2 protein chains.
Amino acid sequence: MNKILIIEDDPAVSKGLEISLRKENYETLISSDGEKGFLTALKIKPELILLDIMLPGKNGFDICKDLRLSGYNFPIIMLSDKAEEADKVIGLELGADDYVTKPFSIRELVARIKAILRRRSVIKNDFDIFKFDDVTLDFAKMEAVKGDQKIEMSLKEYEIMKYFIGHEGNVVSRNDLLNEVWGYDNFPTTRTVDNYILMLRKKIETNPSSPKHIITYHSAGYKFVK
Amino acid sequence: MNKILIIEDDPAVSKGLEISLRKENYETLISSDGEKGFLTALKIKPELILLDIMLPGKNGFDICKDLRLSGYNFPIIMLSDKAEEADKVIGLELGADDYVTKPFSIRELVARIKAILRRRSVIKNDFDIFKFDDVTLDFAKMEAVKGDQKIEMSLKEYEIMKYFIGHEGNVVSRNDLLNEVWGYDNFPTTRTVDNYILMLRKKIETNPSSPKHIITYHSAGYKFVK
DNA sequence: TTCAATTGTCACAGTTTTGTAAAAAATGTG
DNA sequence: CACATTTTTTACAAAACTGTGACAATTGAA
């Protein structure tokens, strides 16, 4: 269950948010004071924080900054009365994930929250060992086994598998892979990806020519399934 | 072109809104009666509704609730005479997006409308799963099911469905589809669209020859309904 | 009712995308 | 530097998808 902390002194806004979020099955907490909200966040470690900027006690910018400094690593969405571009930049610089100007549509803010949490839940699980079928991948040791046979895999192959596993069941485009595994700077052809797929299939598939785990989605990408 | 429905019985207010909104290039419709306004909303599917609370025929709260229940998914802004906190909460609870207390500044309301519509256009297409009838479309997984039967769909078919769903209830011209799904550079015949419609109907309609979800509007285009 | 325009339907051909292997380039290692 | 390993490109074959044209059916207007 996702806990969301709302730090907001206008009860109309916080109540409205609470109602909408409860409807979506999130647990909510409300703080109407900056200082208290900050301490609550540290104690509760909510999955997401909605943070007003103008607050009694301690302003939203400071809260955001201090939370990040103290290691809080979950998404923060800042709510602001002014549409000042400068504020937005400051907010994002201080480590906010999103910045929403009032008046906002509550239903759409909820949509954003869902989107952010959905994306996050994908990356969240940091695992060392993953098993599927008769394959075991140990990412920490960089050791892989299929059946009783050792598999030799390069670092890049491990990274691709890790990305696939983190997005298990979803179609992943070649560009997603290039961005996430290769990074934004160096950028080989999309065909490079296909070749890695080929190699991975040879290693992890029992029958590489009719793959069960790395499935092609024509003109879209590939999907990993257990 | 964005259509906005104004459900408001005070002609001074509705006229003023109409003039300001027309100036911003919105199409406007006015209903001065609750019941009629509700029916108009269902029929026209406006991009946004401005909804007074005190209305003859049917009050704003009920209209809001019933619209949401019947699947209307666009923003609703409630207009109210009282600044009652409780009312505001009720409004949001019933699925309104925003709540504005009279007397309000028309320029501010217009600003809010623009903000909501702008944001909406950004996140409108941010859903992964969509269900209607006995069909489930999962866009992230590229999986589709009708009844207990898997459906195989190409990427383009998913894209068309996504566009249809984003414009649910509105007639979409072949050129809209060609522009939005195919893009501005490559440009096949409008007949190509018909062919995709044919294929989609075969896949998602229970009885493809008398379709219930993708409806033809002669010399206009197609409309998707849940 | 008739006629012209629009839409439904189908199969085929052309195009694009993907599978595959092998060679070339880059990288790291002692 | 020479070698082994990894990474990327290239080329061709195979597969999947897309767009088109033809003709039938339907619709809307005169």
Side-chain angles (χ1 to χ4, degrees), chain A residues 142-144 150-164 171-183 185-224, chain B residues 142 144 150-161 163-164 171-205 207-224:
Chain A
M142 277 189 68
E143 285 172 0
K150 262 197 166 183
I151 312 171
E152 295 298 328
M153 281 176 36
S154 74
L155 177 61
K156 196 133 280 174
E157 289 169 341
Y158 275 104
E159 287 174 336
I160 293 171
M161 283 311 297
K162 188 147 200 174
Y163 188 78
F164 266 136
V171 176
V172 166
S173 78
R174 290 177 179 72
N175 273 308
D176 290 342
L177 281 167
L178 286 171
N179 282 330
E180 297 302 320
V181 175
W182 274 262
D185 34 353
N186 57 341
F187 224 84
T189 322
T190 53
R191 299 314 315 280
T192 302
V193 176
D194 300 52
N195 281 281
Y196 273 92
I197 299 299
L198 177 68
M199 289 188 277
L200 285 172
R201 280 177 175 159
K202 278 185 186 164
K203 292 175 183 181
I204 68 165
E205 296 281 359
T206 305
N207 184 359
S209 56
S210 61
K212 281 197 162 64
H213 299 294
I214 303 180
I215 319 276
T216 302
Y217 280 75
H218 200 277
S219 55
Y222 298 97
K223 184 202 280 186
F224 172 77
Chain B
M142 281 185 70
K150 263 195 166 181
I151 310 172
E152 295 295 331
M153 281 175 37
S154 75
L155 180 64
K156 193 133 281 172
E157 290 168 341
Y158 275 104
E159 288 173 337
I160 293 171
M161 283 311 296
Y163 187 78
F164 267 135
V171 175
V172 166
S173 77
R174 291 177 179 71
N175 273 309
D176 290 342
L177 280 167
L178 287 171
N179 281 329
E180 297 301 320
V181 175
W182 275 262
Y184 295 93
D185 35 353
N186 55 343
F187 224 83
T189 322
T190 54
R191 301 314 319 285
T192 301
V193 176
D194 301 52
N195 280 283
Y196 274 92
I197 299 300
L198 176 67
M199 287 189 279
L200 285 173
R201 281 177 175 160
K202 278 186 188 163
K203 291 176 184 181
I204 66 165
E205 296 282 359
N207 186 357
S209 54
S210 62
K212 280 197 162 67
H213 299 295
I214 303 181
I215 319 277
T216 303
Y217 280 75
H218 201 275
S219 54
Y222 298 96
K223 184 203 277 186
F224 172 77

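Residue numbers start from 1 in every chain, and the chains themselves are labelled A, B, ... in the order their sequence lines are given, proteins ahead of strands. Predicted model, so just to flag it, every value in this text is computed and none were measured.
- For the atom pair CD1 (A:I214) and CG (A:L200), the distance works out to 5.0 Å, reported to the nearest 0.5 Å.
- Side chains of B:T192 and B:W182 form a contact here, defined as non-hydrogen atoms less than 4.5 Å apart.
- By the 4.5 Å heavy-atom criterion applied to side chains, B:M161 and B:I204 are counted as neighbours.
- A:S219 comes within contact range of the sugar-phosphate backbone alone, with a heavy-atom separation under 4.0 Å but no base atom that close.
- Among the atoms of the strands shown, only primed sugar atoms or phosphate atoms (P, OP1, OP2) are found under 4.0 Å from some heavy atom of B:R201.
- Identified under the salt bridge (charged side-chain N to carboxylate O under 4.0 Å, His left out) test for residues 191-204 of chain A, with sequence neighbours left out: A:E157-A:K203, A:R174-A:D194, A:R191-A:D194.
- Checking C:dG8, D:dG19, D:dA11 against the side-chain heavy atoms of B:L198 singles out C:dG8 as nearest.
- At whole-Å resolution of the value, CD1 in A:I215 and C1' in C:dG19 are 15 Å apart.
- Taking only side-chain atoms of A:Y222, from C-beta outward, the nucleotide of C:dT18, D:dG19, C:dT9 with the closest atom is C:dT18.
- For A:K202 and C:dG19, the shortest distance from a side-chain N or O to OP1 or OP2 is not below 4.0 Å.
- The CE atom of A:M199 sits 12 Å away from the C1' atom of D:dT9 (whole-angstrom rounding).
- Whole-Å rounding puts the A:L177 CG to D:dT8 P distance at 13 Å.
- The phosphate of C:dT7 has OP1 or OP2 within less than 4.0 Å of a side-chain N or O from B:R174.
- The OH-C1' distance, from B:Y217 to C:dT6, rounds to 16 Å in whole Å.
- An OP1 or OP2 oxygen of D:dG19 is reached within less than 4.0 angstrom by a side-chain nitrogen or oxygen of B:W182.
- Between the side chain of A:E205 and the backbone N or O of A:S210, no donor-acceptor pair lies under 3.5 Å.
- Side-chain N or O atoms of B:Y158 include one that pairs as donor or acceptor with a backbone N or O of B:M142 at under 3.5 Å.
- A sub-4.0 Å separation between OP1 or OP2 of D:dT7 and a side-chain N or O of A:S154 is present.
- Within 4.0 Å (heavy atoms only), B:T192 reaches at least one base atom of the nucleic acid.
- Under 4.0 angstrom from either OP1 or OP2 of C:dG19 there lies at least one side-chain N or O belonging to A:T216.
- For A:N195 and C:dA21, the CG to P distance is 10 Å, given to the nearest whole Å.
- Within the 4.0 Å cut-off from OP1 or OP2 of D:dA16, not a single side-chain nitrogen or oxygen of B:K156 is found.
- The side chain of B:Y196 lies closest to D:dT18 when the candidates are C:dT9, D:dT18, D:dT9.
- Side chain of A:T189, nearest nucleotide from D:dT9, C:dC10, C:dG8: D:dT9.
- Distance, B:H218 NE2 to D:dT26 P: 12 Å, rounded to whole Å.
- Distance, A:D194 CG to D:dT7 C1': 14 Å, rounded to whole Å.
- One can place CD of A:E152 at 10 Å from P of D:dT5, the figure rounded to the nearest angstrom.
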